[in-house]
Amino acid sequence: MSETQVTTQETQYQEINDLLSKSKHYKEGFVTTTAVETFEKGINEAVVRAISAKKNEPEWMLEFRLKAFNHWKNMEEPHWAKAEYTPLDYQDYSYYSAPECGSCAGSCETDQEQVIDPEVAKAFAALGVPIDDSDANVAVDAIFDSISVSTTKREELAKLGIIFCSFSEAVQDYPELVQKYIGTVVPYHDNYFAALNSAVASDGTFVYVPEGVRCPIDLSTYFRINEAKTGQFERTILIAEKGSYVSYLEGCSAPVRDTYQLHAAVVEVIVHEDAEVKYSTVQNWYPGDEDCEGGILNFVTKRGICEGKNSKLSWTQAETGSAITWKYPSCVLKGDNSIGEFYSVALTNRRQQADTGTKMIHLGRNTRSTIISKGLSAGKSDNTYRGLVKIAPTAEGARNFTQCDSMLIGDQCGAHTFPYIEVENATAQVEHEATTSRIGEDQLFYCQQRGISEQDAISMIVNGFCKEVFSELPLEFAQEAEELLAISLEGSVG
Amino acid sequence: MLLKVENLQAQIDEKQILKGLNIEVNPGEVHAIMGPNGSGKSTFASVLAGREDYEVTEGSVEFDGEDLLEMDPEERARKGLFLAFQYPVEIPGVSNKLFMQTAVNAVREEKGLPALDMFDFDEYAREKIELLDMRADLLERSVNVGFSGGEKKRNDIFQMALLEPKLCILDETDSGLDIDALRVVANGVNALRSEERSFIVVTHYQRLLDYIKPDHVHVLYNGKIIKSGGFELANELEQNGYDDIIQQYQGE
Ligand SMILES: Nc1ncnc2c1ncn2[C@@H]1O[C@H](COP(=O)(O)OP(=O)(O)OP(=O)(O)O)[C@@H](O)[C@H]1O
Ligand SMILES: [Mg+2]
C-alpha cells in the first residue's frame, strides 16, 4: 500500500499559525491613574543615594547600594544567542515610582489600611488580590511599582514569631536580620542584573520563620508594575530557621505599554537545618504586542541555599508572560541530605522568548535534586531550557534526576535544551531524560473527529503535558496557572 | 436515507481528487469501498469527516437529513459520524480514558443526555471492553502512544463502540492486522451492527469482508465509483484485480 501523505509542509500549520498570531487577551492590561511620585529618568550615584534617602535607610544599606552601583557601572549587559533584545538605555528608565500617599513607607506611621490609595486598592481588587484580611488562607504583600502598599495578616503571623513585611520595612525594623543575610546567597556582583538590583532595589518582601514554626497559611506577594518606563527591582529575602516550614507564592502583572519595561528582581532564600521552603511563582507579566514590543523584560536572579542538614527547597513556576524571561531559580545544596527541586512550566507564544531553567549545586553529602521542566512553544516564540547540575567533590552520594520535555504548537516556534552537567565525585548518580513532541493539525483533527472542540483538545493536550508540574502548585495557583495557559493559548484556536 | 452523496468533487492543493462521486447509504447497510492505491478512498473519508485541507468544489452530501458540508468536524462527530483512521494519531500525555470521556460527553451533550462522571464512564467503558474482548489496560495508556499498529486500529474500534455513531467509516482498519486482530476488528463491527447503524468499510482485502459480509461493494477509481455490486463483486476483484473493470469503464 502506498502511504500517501495528504499534506505538504507549508499548508500543514498555516491555519494554526494564522490563528496564533491573533491578538491574545491580556486582561490584566489596564492602567491605574493616581498621584505618583516618580523620579526623573536616569541612573547615577545621586539617584542611588536619593532612593536610599527616600526610604530613610541606614548607612550600611546605602553602602551596599553604592558598592553594587560602582560594580555595575563597569559590567556589560549580557547578550546570549537564545534571547535577543536590543541593548537597553538605562538612562531612559525611572528608578523610583510610588503612589503618593503610600510613598512615605516607614516615615509616616499611620494605620496601614488608611494609607492605601483608593485607585491602587481598586487595581488590586480588579486583579483579584485580597489586600484586606478577607482571604483566610493566605497572607498577601501587595507591591505597586516601587513600594509595598499593604501587607495583610501581620499580627496573626507575628504571634507565631513569623515576620512577613515589605523589604523596606524590614530594613527599618529588623536591620540586623537584613544585614546578616542580604547578598549572602546572591552577591551584588553575581551578574549584571543582580548588581543593578542591588544598587536600586525598590521594594520586595521579607519573610522570616523562626525555629520550629510551621507557617499555617500561604504567604504571597503580588507584584504590579504600573508606571510607564519604570523599572521594578524588588528584593526578596526569605529565611526559614531550623525545623520550620513555609509555602510562599508570588504572582505578577503589568499594564499594556508600548515600550519595554524592565523587571530585574533578586530573591534570596536561606533554609536552615530540617526546614522546608516551597516557593511558587505564577508569572504573567505583560508579553507585549504581536511582536512583543512593549512587553516586560523579566531578568530575575532567584537562588536559595539549603544551609543546614536535611533541609529542602522547592521552586515551582508557571511562566506565561513577559517578552523575554531570563530566570534560573537555583539551589545550593550545602547541608548533608538536603533536597532541591525545580518544577517548571514555561509557555511562550507569538515572539516571546524564554530562557529558563535551574542550577542545582551539590556540595553536601547525599544531597538530592529533581528537575522537571515543561516547555511549551507556540507562534513564533522560542523556549529554551538551560540547566546546570554540578556535583562538587565533597558531594558524596549525590543524586540528580532531570526531565525536560518540550512541546511545540505549530511549526514556526523553537524549543531548545541545554543541560550542563559537571560531576566531580564518582559516587554521584545523574540522570537526564528529554522529549520533544508537537501538537499538529493531525492530532487536533483526530480529537475533533471524536467530537472534541479544538479549544478543548488543545487544553487537554497542554494540561496533560503540564500535569506533573501543576500538581506541585498550591491548589488555587494550579487552577490559575491552567487558566492562564488557556488564555495564553487562546489565539491558537478558532 | 442516512447518507446521500451526489456528484461530490473535491480538490487539494488545486489537484482534483474526487471527480463526481455518488453513493447512497440506508440505515443498517454495510457498504465496502475498494479501489487501487491513490484512487481517492481516504480522500472521500476525510471529506466526509470534514478535514479542512480539502476543498469541495461541487456536489452535495446529506447526512441524516442535514447538509453535512455545512458542519464543523466536531459537529459531524457529535451527530454520529465516525471515522476510524487509516493512520490513527498519537496524543502523548492524554490518557485514553480522559480522551474518551471528553468525547463521549460531547456526544451525549449533543443528544441532550447528562454527562458521565468518572465512575459512570468507567463502568460504561468496561462493558465495551468486554463486548470487544479487549485488554483492560487500554484505558490507562496515553492515546495511541506506544501502541503497535494493530493496537491503534483496535483502539479506534473501541472508540467507535463507545461513541455509538450512526455512520461508521473504516479506512483500511484491516490493513496491517494479524489474523487474531482482524477477527477482533471484524467481531467489533459485527457486534455494533444494528438496524440504525450503517458502515462504510474501505479495504483492499476480501478477508475482512468475508467476516462482515457487506450488502454492497463499490469500486472507486480515479475519484469516481465505476462499479457497484453485491458481495460477489469483492470475490471477483480478489481473483481478477481491477484491470478488467477499469478497461471496461474506460471503454464506455
Ligand atoms: N496534498 C496533496 N497534494 C496533491 N495530491 C494529493 C495530496 N494529498 C493527496 N493527494 C493525492 O490524492 C490521491 C488520492 O489519495 P487517497 O489517500 O485518497 O488515496 P487512497 O485511495 O486512500 O489510496 P490508498 O489505497 O493508498 O490508501 C493520491 O493520488 C494522492 O497522491
Ligand atoms: Mg487511503
Side-chain angles (χ1 to χ4, degrees), chain A residues 1-16 18-19 345 372 374-376 403 405-409 434-471 485 493-494, chain B residues 12-13 17 36-38 40-43 45-46 48-54 72-95 98-100 102-110 142-145 156 159-160 162-163 165 169 172 175-176 204:
Chain A
M1 241 148 306
S2 82
E3 304 200 357
T4 331
Q5 274 309 116
V6 284
T7 42
T8 65
Q9 275 307 354
E10 279 124 77
T11 57
Q12 181 154 27
Y13 297 110
Q14 198 175 341
E15 192 207 8
I16 288 186
D18 286 354
L19 292 164
V345 166
I372 309 282
K374 306 278 178 176
L376 277 155
Q403 185 175 330
D405 298 322
S406 309
M407 180 170 273
L408 302 166
I409 305 175
T435 65
T436 302
S437 52
R438 189 189 291 278
I439 303 186
E441 282 201 339
D442 288 345
Q443 283 175 326
L444 294 179
F445 183 66
Y446 190 76
C447 294
Q448 286 174 287
Q449 213 305 301
R450 299 301 181 247
I452 302 167
S453 71
E454 215 171 7
Q455 177 84 55
D456 288 350
I458 289 189
S459 77
M460 193 165 67
I461 295 170
V462 165
N463 283 320
F465 179 73
C466 301
K467 210 157 35 187
E468 278 164 279
V469 172
F470 286 170
S471 64
L485 278 194
V493 294
Chain B
I12 184 163
D13 294 341
I17 313 282
N37 293 137
K41 301 181 297 294
S42 294
T43 302
S46 299
L48 289 182
R51 181 127 206 171
E52 277 164 31
D53 304 331
Y54 299 92
D72 288 339
E74 59 263 42
E75 215 179 327
R76 301 180 192 203
R78 289 172 194 169
K79 294 208 157 145
L81 185 142
F82 181 92
L83 171 61
F85 287 78
Q86 185 168 1
Y87 306 106
V89 177
E90 301 188 1
I91 309 180
V94 177
S95 74
L98 174 68
F99 179 73
M100 283 318 295
T102 311
V104 164
N105 283 334
V107 171
R108 287 177 67 89
E109 192 183 339
E110 176 75 29
S142 291
V143 180
N144 293 330
V145 177
D156 258 20
Q159 297 181 359
M160 179 168 93
L162 284 169
L163 293 171
I169 305 163
E172 294 196 27
S175 298
H204 286 290

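Just the heavy atoms: all of them, side chains too, but no hydrogens, waters or symmetry mates, feed the values below. Protein chains get the first letters and strands the later ones, always in sequence-line order, with residue 1 at the start of each.
- When heavy atoms are compared at a cutoff of 4.5 Å, B/Pro88 approaches chain A by way of both its backbone and its side chain.
- When heavy atoms are compared at a cutoff of 4.5 Å, B/Leu81 approaches chain A by way of both its backbone and its side chain.
- A/Ile409 is listed as a side-chain neighbour of A/Val462, based on a closest heavy-atom distance under 4.5 Å.
- Proximity to chain A involves both the backbone and the side chain of B/Leu83, based on heavy atoms less than 4.5 angstrom apart.
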I'd like to know whether B/Tyr87 forms a side chain to side chain donor-acceptor pair (under 3.5 Å) with A/Asp442, so could you lay out the CA-CA distance, the side-chain angles of the two residues, the decisive distance to 0.1 Å, and finally the verdict.
CA-CA 10 Å; B/Tyr87 306 106; A/Asp442 288 345; over 6 Å; no

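- Residue contact with chain A, scored on non-hydrogen atoms closer than 4.5 Å, is absent for B/Glu109.
- Only the side chain of B/Val143 comes within contact range of chain A, judged by heavy atoms closer than 4.5 Å.
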Where do B/Asp72 and B/Lys79 land on the salt bridge (charged side-chain N to carboxylate O under 4.0 Å, His left out) test, with the steps shown first?
CA-CA 11 Å; B/Asp72 288 339; B/Lys79 294 208 157 145; over 6 Å; no

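- Between A/Phe445 and B/Phe85, the two ring planes are perpendicular [angle over 60°; tilted spans 30° to 60°].
- Both the backbone and the side chain of A/Cys447 come within contact range of chain B, with heavy atoms under 4.5 Å apart.
- A heavy-atom distance below 4.5 Å is found between the side chains of B/Pro92 and A/Gln443.
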